[in-house]
Amino acid sequence: MSNPDKEPKKELTVQQKINRRNFISFTSFAVLAGGAFEGWRWLYKSPEETAGITAGARKPLRRALNKTELFFKRVFSDNHLVKTYPKSMAAKHVRVNSDIGVEQVKKFDPATWKLQVNKKGGEVLQITLQELMTLPKTEIVYDFKCVEGWDQISHWAGVKFSDFIKHYQLEDYAKMEFVGMETPDKTYFVGLDMPSAMHPQTLLAYEMNDRLLPLQNGAPLRLIIPVKYGIKNLKRIGTISFSNTRPKDYWAQRGYDYYSGL
Ligand SMILES: Nc1nc2c(c(=O)[nH]1)N[C@H]1C(S)=C(S)[C@@H](COP(=O)(O)O)O[C@H]1N2
Ligand SMILES: [Mo]
């Protein structure tokens, strides 16, 4: 004879199981929904990033944006070449746009200028223009684009940044994430992601239209980085440095996109 107490007890256990499952699914749903809401509130309430290189986004959002940016950089930066044109299409009168750090034409003496490359341990490599001109020369004719809405096909020549890295045995530095460049007076400065700096069309340019650069266009040496908008094409390079953190960038500090790629 079976124990009469056992049957109802077993049924209760089944009922309990059902109850427990209901409880689990409802609470999980509530927890997830609550989590989503809390996540949104957390993002909404979290502090804004420190204004500097970039500004205006919540800190966690900026972290996510940086990740996304990195993803697209990896997908698009490698080996895509900017369209080039025949020399005959290059503008004879090249625009002179903005002149921060290059305005003092009289005070600046291109003859005594040397490119400074900051190395580890405070060591500074000093390179003259004459020395740079002994390296292989690369030319490019491409459509230079300014964020202000103009573009112009222009002709430049100089040393490929990647050739420069090889020649001065800076390969270890090129393994870092960023390059920073500034004018000798440090009033204009740009930060570049390494893949764009090492892009085969990026030049340390000293010529425009087959002549040495005019001062207003960046003599003695300027950056020509066709994968970026004009703002990144620093005129009159004073110093080059390497880092794994974003170097300061003049226009990014003023709200423009740090990457500023085309
Ligand atoms: N030192 C320095 N480099 C600079 C700038 C500047 O103000 N100072 N302006 C940038 C911008 S916004 C553009 S569009 C190009 C213009 O180059 P260009 O004067 O040779 O046409 O230089 C870039 N490099
Ligand atoms: Mo520009």
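Whatever order the structure lists them in is the order used to number ligands and atoms, beginning at 1.
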Lys92 side chain to Ala90 backbone, donor-acceptor under 3.5 Å: yes
Using only atom types and a distance under 3.5 Å, with no angle test, would you say the side chain of Lys232 pairs donor to acceptor with the backbone of Ile225? no
When you compare the side chain of Ile237 with that of Thr183, does any pair of heavy atoms fall below 4.5 Å? no
What I want to find out is whether Lys228 reaches Asp193 closely enough, with some N-O distance under 4.0 Å, to be called a salt bridge. yes
Here's one to test your reading of the geometry: is the NZ or CZ of Arg222 within 45 degrees of the ring axis of Tyr206 and under 6.0 Å from its centre? no
Think Lys145 forms a cation-pi with Tyr229, using NZ or CZ under 6.0 Å from the six-ring centre and within 45 degrees of its axis? no
Neighbouring protein residues of ligand 1 - any heavy atom closer than 4.0 Å: Arg95, Val96, Asn97, Ser98, Asp99, Ile100, Val102, Phe144, Cys146, Trp150, Thr183, Tyr188, Asn217, Arg222, Gly230, Ile231, Asn233, Leu234, Lys235
